[in-house]
2 protein chains.
Amino acid sequence: MAAELRERKRLRAELESVMGRKGLRSTSQRRLILDRLFEIGEHFTADDLIADVRQADSTVGSATVYRTLRMLVESGLLQEHRFADHEGTRFELHVGDKHHDHIICMTCGKIREFEEPLIEQLQERVAEQLGFKLQSHTHQLYGYCSDCTPAPSKSRSSRG
Amino acid sequence: MAAELRERKRLRAELESVMGRKGLRSTSQRRLILDRLFEIGEHFTADDLIADVRQADSTVGSATVYRTLRMLVESGLLQEHRFADHEGTRFELHVGDKHHDHIICMTCGKIREFEEPLIEQLQERVAEQLGFKLQSHTHQLYGYCSDCTPAPSKSRSSRG
DNA sequence: TTGGGTGCAAACAGTTTGCAAATTC
DNA sequence: GAATTTGCAAACTGTTTGCACCCAA
C-alpha cells in the first residue's frame with residue numbers, strides 16, 4: 001500500500017530529526033543499515049540484518065549493526081521481540097501508536113499480526129484488579145497455520 | 001494451602017513414574033535438585049537453582065542442573081518463561097491443566113499471576129479468524145505494582 | 001579539530017557438549 | 001557389567017565492550 005510507503009518516509013524523517021537532536025551522526029554505515037532495515041521490514045534478527053547489509057558492503061562490522069539496532073530501539077523506532085523460547089531477538093519497525101501482537105506458526109515459523117481491542121481492555125482491567133499501573137505487555141499466540149499440519153506428536157500446553 | 005502440598009506430592013509421584021517409564025535414573029543429584037526446585041517453587045532462574053542446590057551440596061555441577069532442568073521441561077513438568085526483554089529464562093512448575101499468565105512490576109520485579117478466561121476465549125477466536133490452530137501462548141503484562149511508583153521518566157509503550 | 005563512529009578482537013552471559021570417571025540398575 | 005549420569009572444561013550463541021584509528025560536523 002502507498003500508505004505504508006508514506007509511513008516509511010515519515011519514519012525516516014522522524015529518525016533523522018531524532019538523531020539530529022541527539023547529536024548522532026549520519027554515517028554511510030548507518031544509512032546503509034537503515035536502507036536495508038526498511039527494506040526487510042519486520043521480524044528480522046540481528047543476523048538477518050548483518051547478512052543483508054554485508055551483501056551491499058562486506059566491510060560493515062557486526063558491532064556496528066548491533067550498536068545501530070540498540071540506538072534505534074532506544075529512540076523508539078524499533079521494537080524488540082523475543083518470540084518462541086529459544087530464538088534470538090527479533091526487531092520490528094514501531095509505527096506510530098498503532099499496536100499489534102503476534103501469532104506464530106510452530107511448523108513454518110510464519111508470523112501474523114493481530115489487534116484485539118477487547119483483549120487490551122481486559123488487560124487493563126486485570127492490571128487494575130491486581131493494583132498495577134499497566135505500562136506495556138507482550139502477547140504471543142503459537143499454533144499451526146492453515147498451510148501446516150500439526151507436527152505428529154508433541155502436544156503442547158499453554159505457557160503464560 | 002494444603003491443596004498445594006498435595007499437588008506437589010502428586011507432581012513428584014508423576015515425575016518418578018515418567019522418569020521410570022523413560023528409563024531415567026534416580027540419582028542423589030536429581031533428588032536434591034528436585035527437592036530444592038519444589039522448595040523454591042516459582043519463577044526461578046537456572047542460576048537461582050544452582051546456588052540453592054550448591055548450598056546443600058557444593059559439588060553438584062551446573063551442567064547437571066541445566067540437564068535436569070531441560071529434562072523436566074521436556075517431561076512437561078516445568079515451564080520456561082522469558083519475561084522482560086533481557087532477563088534469562090525462568091522456570092515454573094507446570095501444575096495440571098491449570099493455566100495462568102503473569103504481570104510483572106517494572107520497578108521491583110515482583111511477579112503476580114492472573115487468569116482471565118475471557119482473554120483465553122478471545123485468543124481462540126483471533127487464531128481461528130487467522131486460520132491458525134491455537135496450541136499455546138505467552139502473555140505478560142508489565143507495569144508498576146501498588147508498592148512502587150512509576151520510575152520518573154521513561155514512558156513505555158506496549159510491545160506485542 | 002574534536003567528539004562521535006567504526007572495525008576488530010576480546011570479553012561476556014547463559015547454556016550446551018565431549019569425555020573419562022563414577023554410579024545406578 | 002552395561003548403560004546412564006556426573007563434573008569438568010571447553011565450546012558455542014548472541015551480544016557488548018575496549019581500543020586505536022577514522023570521519024562527519
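Quick note on labels: first sequence line is chain A, next is B, and so on, each numbered from 1.
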Expressed in angstrom and rounded to an integer, what is the separation of [X] atom [atom1] from [N] atom [atom2]?
{"X": "K22(B)", "N": "dT4(D)", "atom1": "NZ", "atom2": "C1'", "result": "15 Å"}
{"X": "R70(B)", "N": "dT6(D)", "atom1": "CZ", "atom2": "P", "result": "12 Å"}
{"X": "L34(B)", "N": "dT5(D)", "atom1": "CG", "atom2": "P", "result": "13 Å"}
{"X": "R82(B)", "N": "dA13(C)", "atom1": "CZ", "atom2": "P", "result": "18 Å"}
{"X": "F91(A)", "N": "dT15(D)", "atom1": "CZ", "atom2": "P", "result": "6 Å"}
{"X": "L32(A)", "N": "dC23(D)", "atom1": "CG", "atom2": "P", "result": "16 Å"}
{"X": "L72(B)", "N": "dT5(D)", "atom1": "CG", "atom2": "P", "result": "12 Å"}
{"X": "L69(A)", "N": "dG14(D)", "atom1": "CG", "atom2": "P", "result": "14 Å"}

Hey, which of I50(A), T89(A), L69(A), D52(A) is the one that makes side-chain contact (heavy atoms from CB on, under 4.5 Å) with F44(A)?
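With F44(A) as partner, side-chain contact (heavy atoms from CB on, under 4.5 Å) holds for just one option, L69(A).
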First locate atom [atom1] of [X], then atom [atom2] of [Y], and finally report the distance between them rounded to the nearest 0.5 Å.
{"X": "Q79(A)", "Y": "H94(A)", "atom1": "CD", "atom2": "NE2", "result": "5.0 Å"}
{"X": "E116(B)", "Y": "H100(B)", "atom1": "CD", "atom2": "NE2", "result": "14.5 Å"}
{"X": "H99(A)", "Y": "S136(A)", "atom1": "NE2", "atom2": "OG", "result": "9.0 Å"}

Which comes earlier along DNA chain C counting from the 5' end, the contact point of S26(B) or that of T27(A), where each point is its nearest nucleotide?
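Of the two residues, T27(A) wins.
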With no angle test and no hydrogens, is the base of dG7(D) tied to the side chain of R67(B) by a donor-acceptor pair under 3.5 Å?
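In this structure, the two groups form a donor-acceptor pair.
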With side chains defined as the heavy atoms from C-beta onward, is the minimum distance between T138(A) and D101(A) less than 4.5 Å?
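No; the side chains remain at least 4.5 Å from each other.
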Can you check whether F91(B) reaches H81(B) side chain to side chain, under 4.5 Å on heavy atoms?
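Result no, sub-4.5 Å side-chain heavy-atom pair not found.
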dC23(D) phosphate, OP1 or OP2, under 4.0 Å from Q29(A) side-chain N/O
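Result: no.
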Below 4.0 angstrom from OP1 or OP2 of dT5(D), is there any side-chain N or O of R30(B)?
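So the side-chain polar atoms of R30(B) do come within 4.0 Å of the phosphate oxygens OP1 or OP2 of dT5(D), strictly under.
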Proximity of H102(B) and H139(B) rings by center, below 6.0 Å:
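No, they do not, as the ring centres are separated by 6.0 Å or more.
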Residues in contact with DNA chain C, drawn from residues 36-66 of chain B - heavy-atom cutoff 4.0 Å
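Residues of residues 36-66 of chain B under 4.0 Å from DNA chain C: A46(B), A63(B), Y66(B).
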